[in-house]
Amino acid sequence: MDNLGLYFKIAPIAAVLAAVLFIRLRRRDPLIASIRGPASPSKLIVQFLGNMTQLFLAHNYGQWEYKWLKQFGSVYRVKACFGEDRLIVADPQAIKHILNTQTFMHPPRILRTGALVFGESLVSFIGKEHRRLRAGMSNGFSPNAVRSFLPIIIETAKKVAQEWKVPSAPGSSNTVNISEAIDHATLDITSEGGQSCAFQWAGCYLFRIALLGMPINTVQNPNQPIAKTNILDFFVPYIPEFIFRHLLSLPMDSMRAVSKFVNVTQKIIDKKTQEGNATGFEKDEHNMLNMMGMLEVQTLELYKISRREAINQIRILLIAGQDPPSVLLAWTLYHLAKYPEFQSKVREEIRAAREAADGQDLEYDNLTYLTAILKETLRVFPPNPITERVATEDSVLPLAFEVTTSTGERLKQIPIRKGQSSMVAMGSYNRLDSVWGPDAEQFRPERWLEADTDKRPALGPATPPMSFIGGQRACLGWRFGLLMAQAILCELLSEFTFSLPKNSSVRARYWGTEELPVTPEGVKGVMVSVTRICLL
Ligand code: HEM
């Protein structure tokens with residue numbers, strides 16, 4: 001009986017696996033299969049996952065990907081789940097084509113997960129629906145709208161300084177995990193401190209727990225949860241809808257945390273809508289929805305966006321707006337602590353700018369060395385190093401650099417069949433010797449001050465480097481993210497020096513969609529010694 005029971009449990013799973021494998025093998029494109037790439041790992045258990053474990057679960061993100069880049073060139077093939085052939089694309093011309101034509105879309109995996117976590121939002125919409133919503137939201141990210149957040153950014157940076165608990169006497173220091181306070185800071189900014197915005201009723205505290213409790217923000221017990229949830233991610237396209245709907249009920253810490261986030265934000269959205277309907281949507285609130293004009297009747301009518309839809313964007317703005325700037329700041333502070341010579345130079349630039357501004361707000365874009373440091377950090381450790389697109393029809397990928405197949409054929413372009421998945425590898429593009437020169441691996445901010453910098457292909461906003469992606473799904477908040485980083489760094493560098501404690505080390509870990517710095521124990525963040533100086 002026991003054996004029979006087991007058989008009935010295993011048989012349907014085996015049948016589904018066999019069917020998926022059969023469909024995959026029949027759909028295999030011989031040209032893509034002939035493009036050179038790494039062999040699949042030989043262990044049986046990971047064979048199902050192909051090279052995905054090396055790509056996404058590497059001990060140090062990029063340890064395989066950047067090696068393959070050197071070995072196989074700027075476009076190569078990897079194995080994904082169930083023998084699927086995927087392209088890893090770091091070639092600038094191919095990337096430009098993928099991002100700027102309507103032929104390539106987010107894969108169902110991202111759209112499905114996006115819909116589950118964010119509801120009807122920018123990340124779960126495609127085509128006309130996406131363009132409509134994006135047009136309405138884009139309006140609000142103008143330089144002026146973004147700059148109106150400067151007072152709260154500066155005020156929040158001061159709170160970071162307090163959270164580090166460094167005694168007030170110059171020379172006093174403390175060793176802290178810089179990501180903890182920075183995570184709180186970017187969340188406070190994005191949700192406008194919870195003081196005057198949509199989150200007020202729910203209490204900022206509850207909201208914080210819900211958002212900061214999400215696994216993408218707290219990698220407390222790194223290896224297990226990361227591996228489990230990332231592996232689950234690989235299977236998302238194959239999970240039937242009736243099971244997928246209940247994914248958040250799985251007894252896993254990560255699922256519980258995401259579910260809490262969904263529930264708390266849903267209550268906020270409902271409450272905000274009810275209150276607004278009863279008493280009107282206040283114009284004097286200063287929050288992101290207002291910044292984008294998303295509570296104004298004219299804007300909503302112009303872009304045919306319902307109010308409900310507008311308020312729904314709270315979730316995506318909070319996640320997209322909170323985490324990448326925090327990761328960028330953590331990697332930047334790590335590099336400044338590691339290279340004191342760059343740190344002194346940037347501090348000197350800030351000091352001179354403050355003197356010239358004579359008490360007025362700084363013009364951050366004029367701080368060329370600070371911008372160089374940020375661009376170099378975005379180049380070497382882009383917060384989102386890789387993303388995926390799927391061809392919706394047959395197409396041809398143009399190439400800047402030829403690709404050689406395993407039979408020795410040299411391709412100047414790659415014909416792509418409908419359904420072919422391509423990973424747009426921003427991190428790899430940002431390290432291409434052919435674009436960045438032989439020192440591409442090195443952290444060298446000076447490269448941004450050299451004359452030939454702007455000759456590199458511009459693939460998206462604030463590029464090069466390509467860390468905000470480009471085309472129809474380019475980061476909407478890149479200007480906001482950069483302003484947050486610039487202003488917070490100016491405040492912190494005016495008050496503290498940063499250095500790495502003895503024997504400290506950091507590695508990069510892929511989590512969710514991000515390349516996070518983690519301590520040797522695997523906790524998100526970087527341990528840094530922070531020492532107070534006389535205020536600049
Ligand atoms: C340093 C900071 C940031 C980086 C490196 C970054 C990077 C990115 C990347 C790579 C994408 C594309 C992901 C994909 O298509 O797979 C993206 C999309 C997006 N980002 Fe950012 N981001 C940053 C800050 C922000 C901020 C501050 C906001 C909002 C306040 C924001 C809002 C968005 C939104 C709404 C999208 C989706 C756009 C769409 O699908 O049309 N981001 N970001």
* Asked: Does a side-chain heavy-atom distance below 4.5 Å link Val146 with Leu482?
  ->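 No; the side chains remain at least 4.5 Å from each other.
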* Just wondering, do Thr113 and Val123 contact through their side chains at under 4.5 Å, heavy atoms? ->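 When only atoms from C-beta onward are counted, Thr113 and Val123 do not touch, as no gap falls below 4.5 Å.
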* Hey, mind stepping through Lys524 and Asp323 against salt bridge (charged side-chain N to carboxylate O under 4.0 Å, His left out) and telling me if it holds? -> CA-CA 12 Å; Lys524 179 185 179 185; Asp323 227 38; 3.5 Å; yes
So how far is it from [X] [atom1] to [Y] [atom2], rounded to the nearest 0.5 Å?
{"X": "Phe104", "Y": "Ile95", "atom1": "CZ", "atom2": "CD1", "value": "12.0 Å"}
{"X": "Leu516", "Y": "Arg509", "atom1": "CG", "atom2": "CZ", "value": "9.5 Å"}
{"X": "Glu309", "Y": "Gln313", "atom1": "CD", "atom2": "CD", "value": "7.0 Å"}
{"X": "Glu514", "Y": "Ile386", "atom1": "CD", "atom2": "CD1", "value": "14.0 Å"}

* **Parallel, tilted or perpendicular: ring planes of Tyr66 versus Tyr61, cut at 30 and 60 degrees** =>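 Rings of Tyr66 and Tyr61: perpendicular, as their planes differ by over 60°.
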* Hey, what's the ring geometry for Phe381 with Trp331, parallel, tilted or perpendicular (30° and 60° as the breaks)? ->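 Ring orientation, 0 to 90° scale: parallel.
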* **Lys79, NZ: over 12 other non-hydrogen atoms inside 6.0 angstrom** =>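 Check passes, neighbour count above 12.
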For a quick test of reading the model, state the closest non-hydrogen atom pair linking [X] to [Y] and the distance between them.
{"X": "Cys81", "Y": "Met52", "value": "N-CG, 4.3 Å"}
{"X": "Ala157", "Y": "Leu492", "value": "O-CD2, 3.9 Å"}
{"X": "Phe141", "Y": "Met137", "value": "CD1-O, 3.5 Å"}
{"X": "Ile469", "Y": "Cys475", "value": "CG2-N, 4.1 Å"}
{"X": "Ala310", "Y": "Leu300", "value": "CB-CD2, 3.8 Å"}
{"X": "Ile152", "Y": "Ile189", "value": "O-CG1, 4.4 Å"}

Quiz question: by atom type and distance under 3.5 Å, do the side chains of [X] and [Y] form a donor-acceptor pair?
{"X": "Asn312", "Y": "Ser121", "result": "no"}
{"X": "Gln54", "Y": "Asn51", "result": "yes"}
{"X": "Gln420", "Y": "Asp85", "result": "no"}
{"X": "Glu163", "Y": "His184", "result": "yes"}
{"X": "Ser421", "Y": "Glu388", "result": "yes"}
{"X": "Gln472", "Y": "Gln102", "result": "yes"}

* Carboxylate-amine/guanidinium proximity below 4.0 Å for Glu155 and Lys158 ->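 No, Glu155 and Lys158 are not salt-bridged.
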* When you measure from the side chain of Ser326 to the backbone N and O of Gln322, does any donor-acceptor pair fall under 3.5 Å? ->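 Checking the backbone N and O of Gln322 against the side chain of Ser326, no donor-acceptor pair under 3.5 Å is found.
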* Using atom types as modelled and distance alone, determine if a side-chain donor or acceptor of Asn430 lies under 3.5 Å from a backbone N or O of Val380. =>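 No.
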* Test salt bridge (charged side-chain N to carboxylate O under 4.0 Å, His left out) applied to Glu129 - qualifying residues, sequence neighbours left out ->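 Counting only residues at least two positions away or on another chain, Glu129 forms a salt bridge (charged side-chain N to carboxylate O under 4.0 Å, His left out) with Arg132.
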